[in-house]
Amino acid sequence: MRYYEIALLNTPNTFTYRSKNRYKKGDVVVVPLKNREVQGVVLKEVEKPEFECKDIISKIYEFDEKYMKIIEFISFYYFSSIGEAAGLFYLPPKLPKKEAFQSVKTQIVLTPKQQEAYDFLEKNEVSILFGDTGSGKTEIYIKLIEKTINENKEALFLLPEIAITSQMEKRLKKHFGENVAIWHSKVTKKTKEKILNELAEGKIKVVAGARSALFLPYNDLGLIIVDEEHDDSYKSESTPKYNAKDLAVLFGKTLNAKVVLGSATPLVSDLYKFPHFRLKGTYFNTTKKRYFTEHFDGFILSKIEEKLKQKKQTIIFVPTRAHFKYMICKNCGEAVKCKYCDVAMSIHKDKLALKCHYCNFTSPIPNVCPSCGSEEFLNERKGTSEIVEELKELFPDAVIEKFDRDIVTSKSRIDKLLKRFANKEIDILVGTQMLAKGHDYPDVALSIVLDIDFLLNSADYKARERAFALARQVEGRAGRKEDGEVIIQTLNPEFFDRSYEEFYKEEIEFRKDLGYPPFVRMCKVEFSDKKLEIAKENMMRFVNCIGEKEELMGYGEAPIFKLQNRYRFQVLFKGKNLHKIIYPCIDLKVAKADMDPVSFI
DNA sequence: AGCACGCCGACT
DNA sequence: GTCGGCGTGCTC
């Protein structure tokens, strides 16, 4: 009888099972666990243990050496178990019966500049397509996909979840027909099974999908495109907290696939690390005028009025959803906070409620301050709903709609709203970050960015690049096909009124001086418990083990101290070899590590 | 996933 | 006291 250490998929622990058969590392087997059957990856053969072992039921798949290398990297780099890393991958169905190879031919003819970009991306293993909104990146992607298919390889087109909209699907299907599959979290189980089958059969050659599409069982992946590569939603916020954009580079290297990162505003760190091709201006050679203003004032309103008169459309970006971010007592200055989270609750007038944007706890709007009993409140910072209401009063004849997480709850609702906008049934669209993302937004005459200083001033080393990129992305929505105008509400016009290259030059110096990525890595280690003392003790044990190291930036209460009824403490690191420092001290039962964090709350 | 265990509030 | 709700931890 042989004994094997097996990492159960999606669990932190390994278990020992026995069998008469010989298995090797990477074999995926079915094993009994309590009264059900689960899957696990064989790690190695071990000595007969003290305890009783159950028998391995069957072998269903094997990860080859390349994939095991990737799984081990994910496990090591993101401080997760092999089972959690392997659990990310989708397994193929059993009967792979390959269809005959068919070549494709698209009708696309690249412009000389696009061809130059194509040639550049062709000759580099990993590179960035740094192209302005509307500069014609998609045609280049399609040509790269065409070439990949004709080499009888598969192409993966990654997009942020929110950007997976019908338009990109339509464009890809127009060129590659039934060879295209769309993959994201909202695709039904049945459709997912169908895609897995067709992928195994060799019928599907192009997958356009969200970050999880990276883990599909490709036969021979030849190309990975990461569009909107700057987008934070490539980072998973559940264990393992991987970044699909960074992993795409690893997959490319390990599986011998070309990697293209595309964006109008590439991350400073990526622009530093990888070669890029600059695709400037818009395809239609339009011009864009940029204005700055300190307040949401008459200038903005007169511009909106002007566009309404010309029957042209406006989009307004607001960093806050709901009505106002906070309800603050005029007397004692306390914000009304969520009872489960240390977070001020947001006002939702339509539901006559306060809502916590972190745990969704809802409570009625109080008449008196819960802290001091005073009856007078101040409302802090305007949100999407408040702006919509104010504009409706000012422009009663205009059609004004809201576009944020409260409205956009499903893909069909996004599609419907954007279709109406495209048909010019909506004059003004007011929205949050979502407005800046994706491809499906039609051309508008005026883009307005409100209150961006709120983003710029948030306490996080990425705040500057996020604010700059967001302003540029919202700007990009105007003037793609016709000349457009942009208004940015800020007290820092000089920060925004420059090219991305100028911003990059300053930012990279800033990061170098202060020692931030890409010159170092960062890691956040979190300790949380419903009992404050336990969370704190766990953190202190860890901090004491680390000792005095220059990589240890600080530790203490998390910026949101209480979340979903749990107290949170965190330890922050930056440095060149964080794994070497953290691994000897971390107890993964009580600590959650977040490598290359995008959120510091 | 499902089941046992234990902590804490409501009450025969 | 005890009953039971539910959050937490364990399953080789």
Side-chain angles (χ1 to χ4, degrees), chain A residues 1-63 68 71 75 79-91 185 188-190 192-193 212 215 236-240 338-342 356 358-363 525-539 541-542 558 560-569 586-593:
Chain A
M1 200 51 92
R2 298 169 183 278
Y3 292 83
Y4 296 96
E5 188 182 352
I6 290 170
L8 302 189
L9 299 192
N10 303 309
T11 69
N13 304 317
T14 62
F15 292 78
T16 311
Y17 288 88
R18 55 173 210 177
S19 175
K20 274 179 243 160
N21 302 333
R22 194 184 279 275
Y23 293 103
K24 63 175 189 308
K25 179 176 160 186
D27 285 353
V28 180
V29 292
V30 177
V31 292
L33 183 71
K34 213 65 198 271
N35 48 4
R36 67 208 170 98
E37 292 178 1
V38 296
Q39 296 171 354
V41 187
V42 174
L43 298 181
K44 60 180 181 223
E45 194 172 340
V46 290
E47 292 293 303
K48 183 180 191 299
E50 302 280 302
F51 47 81
E52 279 293 297
C53 288
K54 291 182 179 172
D55 288 284
I56 293 171
I57 296 167
S58 62
K59 174 178 160 178
I60 51 167
Y61 184 64
E62 58 185 74
F63 286 114
M68 276 314 279
I71 288 167
S75 155
F79 295 93
S80 65
S81 69
I82 294 283
E84 286 164 332
L88 293 169
F89 288 83
Y90 297 90
L91 306 183
S185 62
T188 61
K189 214 177 154 197
K190 233 187 170 146
K192 282 186 176 174
E193 274 171 32
S212 64
F215 302 101
S236 169
E237 290 299 342
S238 55
T239 312
C338 171
K339 71 178 192 190
Y340 302 109
C341 308
D342 185 25
C356 171
Y358 289 87
C359 77
N360 273 339
F361 172 71
T362 306
S363 72
V525 182
E526 186 185 301
F527 299 83
S528 82
D529 197 280
K530 61 174 193 249
K531 292 205 183 80
L532 191 154
E533 312 78 55
I534 291 181
K536 195 172 180 178
E537 276 166 29
N538 287 334
M539 176 185 73
R541 200 174 313 120
F542 174 69
I560 296 177
F561 184 34
K562 196 179 165 198
L563 195 63
Q564 287 166 14
N565 236 359
R566 293 172 74 89
Y567 292 91
R568 304 159 75 241
F569 288 84
I586 196 165
D587 174 4
L588 292 169
K589 281 192 198 71
V590 296
K592 275 187 278 174

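These values consider heavy atoms only, across backbone and side chains, with no hydrogens, waters or symmetry-generated copies.
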Item to check | Nearest-nucleotide pick for N35(A), side chain only, options being dC12(C), dT8(C), dC3(B) | outcome: dC3(B)
Checklist entry - Considering only heavy atoms from C-beta outward, does the side chain of R22(A) approach that of R2(A) to under 4.5 Å? => result yes
Checklist entry - Rounding to a whole Å, what distance do you find between D529(A):CG and dC7(B):P? => result 14 Å
Next on the checklist: Salt bridge or not between K24(A) and E45(A)? Use side-chain N to carboxylate O under 4.0 Å.
Outcome noted: no
Checklist outcome for this item: Atom NZ of K589(A) and atom C1' of dG9(C) are separated, to the nearest Å, by 12 Å
Checklist entry - Any chance NZ of K59(A) has more than 12 other-residue heavy atoms, nucleotides or ligands included, within less than 6.0 Å? => result yes
Next on the checklist: Nearest whole Å is fine: how far is dT8(C) P from N565(A) CG?
Outcome noted: 9 Å
Next on the checklist: If I take atom NZ in residue K531(A) and atom C1' in nucleotide dC7(B), what distance separates them, rounded to the nearest angstrom?
Outcome noted: 8 Å
Checklist entry - Quick one: salt bridge (charged side-chain N to carboxylate O under 4.0 Å, His left out) pairs with a partner in residues 525-536 of chain A, sequence neighbours left out? => result E526(A)-R568(A)
Item to check | K54(A) side-chain N/O to dC12(C) phosphate OP1/OP2 under 4.0 Å | outcome: yes
Item to check | Q39(A) CD to dT11(C) P, straight-line distance once rounded to whole Å | outcome: 21 Å
Item to check | Length of the line joining K34(A):NZ and dG9(C):P, which is rounded to integer Å | outcome: 15 Å
Checklist entry - Is there a donor-acceptor contact under 3.5 Å linking the side chains of T239(A) and E84(A)? => result no
Checklist entry - With a 4.5 Å limit on heavy-atom distance, are the side chains of V525(A) and I586(A) in contact? => result yes
Checklist entry - Looking for any heavy atom pair under 4.0 Å, which part of the strands does E5(A) touch: base, sugar-phosphate only, or nothing? => result nothing
Checklist outcome for this item: From the candidates dT8(C), dT11(C), dC3(B), the one with an atom nearest any side-chain atom of L33(A) is dT11(C)
Next on the checklist: What is the distance, to the nearest angstrom, from the CD atom on Q564(A) to the P atom on dG7(C)?
Outcome noted: 12 Å
Next on the checklist: Which residues in residues 6-26 of chain A have a heavy atom closer than 4.0 Å to any atom of DNA chain C?
Outcome noted: N13(A), F15(A), T16(A), Y17(A)
Next on the checklist: Can you confirm whether K44(A) is buried at NZ, in the sense that more than 12 heavy atoms of other residues, nucleotides or ligands lie under 6.0 Å from that atom?
Outcome noted: no
Item to check | Phosphate contact (dC10(C) OP1 or OP2) by R36(A) side-chain N/O below 4.0 Å | outcome: no
